[in-house]
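Remember, it's a predicted structure, so these values are computed and weren't measured experimentally.
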Amino acid sequence: MIIMVRKKGLFKTLGTLAVAGVMAFAVLTGIAAMQDQGIHTSADGNWGLSFQQEGAAPIANASAEYLAKYDGYYAAATEKKVLYLTFDAGYENGYTEKILDVLKKHDAPAAFFLVGNYIQTSPELVKRMVAEGHLVGNHTYTHPDMSEISTKDAFADELAQLETAYKEVTGQELPRYYRPPQGKYSEANLKMAKELGYKTIFWSLAYVDWYESDQPTKEEAFDKLVPRVHPGAIVLLHSTSKTNAEILDELLTKWEDMGYKFQSLEKLPS
């Protein structure tokens with residue numbers, strides 16, 4: 001497993017944190033690497049994907065049918081060329097404005113899964129997201145490993161604090177979309193989220209874009225994101241990525257040229 005540490009930026013008052021910048025899928029990376037070598041493994045409680053056919057949805061470590069019991073998704077069951085763009089953000093480092101500009105240019109709705117620190121430190125960007133028709137989703141207030149939280153009260157508190165912070169900034173209720181930090185979850189978590197009125201949103205397309213000091217090249221990004229795109233994909237990108245900000249216009253254009261259109265998570269088929 002990859003452990004990442006960020007001493008400032010994500011939660012300055014909480015000290016050293018593992019997993020810099022809401023990097024939700026360190027486990028995915030290890031799984032993917034092994035699967036690329038033909039080694040099959042599982043990651044109980046940790047989101048993982050196996051890409052087996054270009055242009056087709058990957059196999060995940062939890063099926064769509066299983067997730068549906070708890071209002072959970074990792075992709076839409078459709079043959080239509082639609083994509084659901086999502087961005088995780090634990091802190092702001094100067095790239096979100098450009099990302100929002102590109103989304104506006106392409107008339108592409110997105111969902112931004114935010115933590116408490118982001119809402120507190122970047123309220124104007126949060127307001128812009130909302131004003132331009134994007135969803136803000138719940139990535140918890142302090143970004144803990146939610147699979148280790150066993151009580152509903154503690155689980156609900158992490159989500160409720162984020163709801164309060166969002167309402168204080170926007171005056172609106174937070175849309176009920178939840179993404180587990182680090183992709184770590186449990187069946188109990190999924191049940192709790194559903195009981196609280198949330199849809200749990202995983203992903204079916206992502207790549208290693210979160211190391212601020214070791215960003216992928218444009219070629220590396222396109223090698224992962226273009227062949228693996230598929231109908232109904234929920235795409236996870238990080239708004240802290242310099243590469244993402246630089247390639248997003250060209251990437252969305254490429255996907256459009258392939259026949260894809262962009263939809264809001266609000267249009268996920270039930």
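In this structure, the separation between CG on D88 and NE2 on H143 is 7.0 Å, given to the nearest 0.5 Å. Taken to the nearest 0.5 Å, the CD1 atom of I119 stands 8.0 Å off from the OH atom of Y166. The line from CG of L251 to OG1 of T243 is 11.5 Å long, rounded to the nearest 0.5 Å. Here L114 contributes atom CG and L162 contributes atom CG; the two are 7.0 Å apart, rounded to the nearest 0.5 Å. For the atom pair CG of D223 and CD of E219, the computed distance is 7.5 Å after rounding to the nearest 0.5 Å.
Between the side chain of Y73 and the main chain of P269, a donor-acceptor pair closer than 3.5 Å is present. The backbone N or O of T140 sits nowhere less than 3.5 Å from a side-chain atom of E158 that would complete a donor-acceptor pair. Judged purely by atom type and a 3.5 angstrom limit, Q182 has no side-chain atom pairing as donor or acceptor with the backbone of K184. Remark: side-chain polar atoms of S122 are not paired, donor with acceptor, to backbone N or O of L125 under 3.5 angstrom. Judged by distance alone, the side chain of N189 and the main-chain N or O of S147 form a donor-acceptor pair under 3.5 Å. A donor-acceptor pair under 3.5 Å links the side-chain atoms of N117 to the main chain of G90, judged by distance alone. Side chain of K261 to backbone of K81: no donor-acceptor contact under 3.5 angstrom is found. Judged purely by atom type and a 3.5 angstrom limit, N244 uses its side chain to pair as donor or acceptor with the backbone of H238. Between the side chain of R176 and the backbone N or O of L174, at least one donor-acceptor pair lies under 3.5 Å. Side-chain N or O atoms of S204 include none that pairs as donor or acceptor with a backbone N or O of A57 at under 3.5 Å.
Y70 pairs with exactly one of K194, E187, K191 by the side chain to side chain donor-acceptor pair (under 3.5 Å) rule, that one being E187. Here the options are V136, L103, L135, the test is side chain to side chain contact (heavy atoms under 4.5 Å, CB included), and the partner is M129; only V136 passes.
In plain terms, the two heavy atoms of P109 and L85 that are nearest each other are O-CB, 4.1 Å. Shortest non-hydrogen contact noted between A75 and I234 is N-CD1, 3.7 Å. Nearest heavy atom pair, residue L252 against residue V102, reads CD1-CG1, 4.0 Å. Closest approach of Q52 and S50 over heavy atoms only: NE2-OG, 3.3 Å. Counting all heavy atoms, side chain and backbone alike, R128 lies closest to E97 at NH1-O, 3.6 Å. The minimum heavy-atom distance linking G183 with Y185 is given by the pair O-CD2, 3.5 Å.
Contact check on K242 versus E212 returns no salt bridge, with no Lys/Arg side-chain nitrogen under 4.0 Å from an Asp/Glu carboxylate oxygen. The pair E54-R228 does not meet the salt-bridge criterion, since no charged nitrogen lies less than 4.0 angstrom from a carboxylate oxygen. Salt-bridge check for K152 with E195: passed, with a basic side-chain N closer than 4.0 Å to an acidic carboxylate O.
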message = Between S241 and Q215, does the side chain to side chain donor-acceptor pair (under 3.5 Å) criterion hold? Intermediate values first, please.
response = CA-CA 7 Å; S241 166; Q215 282 287 286; 2.5 Å; yes
task = Could you go through the side chain to side chain donor-acceptor pair (under 3.5 Å) check for Y177 and N138 one step at a time?
result = CA-CA 6 Å; Y177 295 87; N138 201 323; over 6 Å; no
inquiry  = Walk me through whether L83 and V229 qualify under side chain to side chain contact (heavy atoms under 4.5 Å, CB included).
reply    = CA-CA 9 Å; L83 300 177; V229 72; 3.5 Å; yes
key: Worked check of side chain to side chain contact (heavy atoms under 4.5 Å, CB included) between V235 and W255   = CA-CA 12 Å; V235 183; W255 282 338; 4.0 Å; yes
request  = Please lay out, stage by stage, how F51 and K224 fare under the test side chain to side chain contact (heavy atoms under 4.5 Å, CB included).
outcome  = CA-CA 10 Å; F51 293 89; K224 296 294 185 181; over 6 Å; no
key: CA sep, side-chain torsions, deciding dist, call: E246, K218, salt bridge (charged side-chain N to carboxylate O under 4.0 Å, His left out)   = CA-CA 8 Å; E246 291 175 347; K218 168 188 169 181; over 6 Å; no
key: Chi angles and distances behind the side chain to side chain contact (heavy atoms under 4.5 Å, CB included) call for V115, Y141   = CA-CA 5 Å; V115 299; Y141 193 74; over 6 Å; no
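Side-chain contact check for T151 versus F155: every heavy-atom pair is 4.5 Å or farther apart. Contact check for F87 versus T240: no side-chain heavy atoms found under the 4.5 Å cut-off. For the pair T86/F113, a side-chain contact is recorded, criterion being any heavy-atom separation below 4.5 Å from C-beta on. The shortest distance between side-chain heavy atoms of V226 and M258 falls below 4.5 Å. Annotation: side chain of L248 is in contact with side chain of L237 (closest heavy-atom distance under 4.5 Å). Under the 4.5 Å side-chain criterion, counting only non-hydrogen atoms from C-beta, K254 is not in contact with L225. Within the 4.5 Å cutoff, the side chain of M146 has no heavy atoms near those of the P180 side chain. Counting only heavy atoms from C-beta outward, the side chains of I201 and L265 approach each other to under 4.5 Å.
Ring planes of F202 and W47: parallel class, angle under 30° (limits at 30 and 60°).
For residues 59-80, no pair satisfies salt bridge (charged side-chain N to carboxylate O under 4.0 Å, His left out), with sequence neighbours left out.
Under the 3.5 Å distance criterion, with hydrogens and angles disregarded, no donor-acceptor pair is assigned to the side chains of S239 and Y91. No side-chain donor-acceptor contact under 3.5 Å links R179 and T200. Looking only at atom types and distance, the side chain of Y207 has no donor-acceptor partner in the side chain of E220 under 3.5 Å away. Under the 3.5 Å distance criterion, with hydrogens and angles disregarded, no donor-acceptor pair is assigned to the side chains of Y84 and E266.
Within a 6.0 Å sphere centred on CG of D257, other residues, nucleotides and ligands contribute more than 12 heavy atoms.
With ring centers used as reference points, F112 lies under 6.0 Å from H134.
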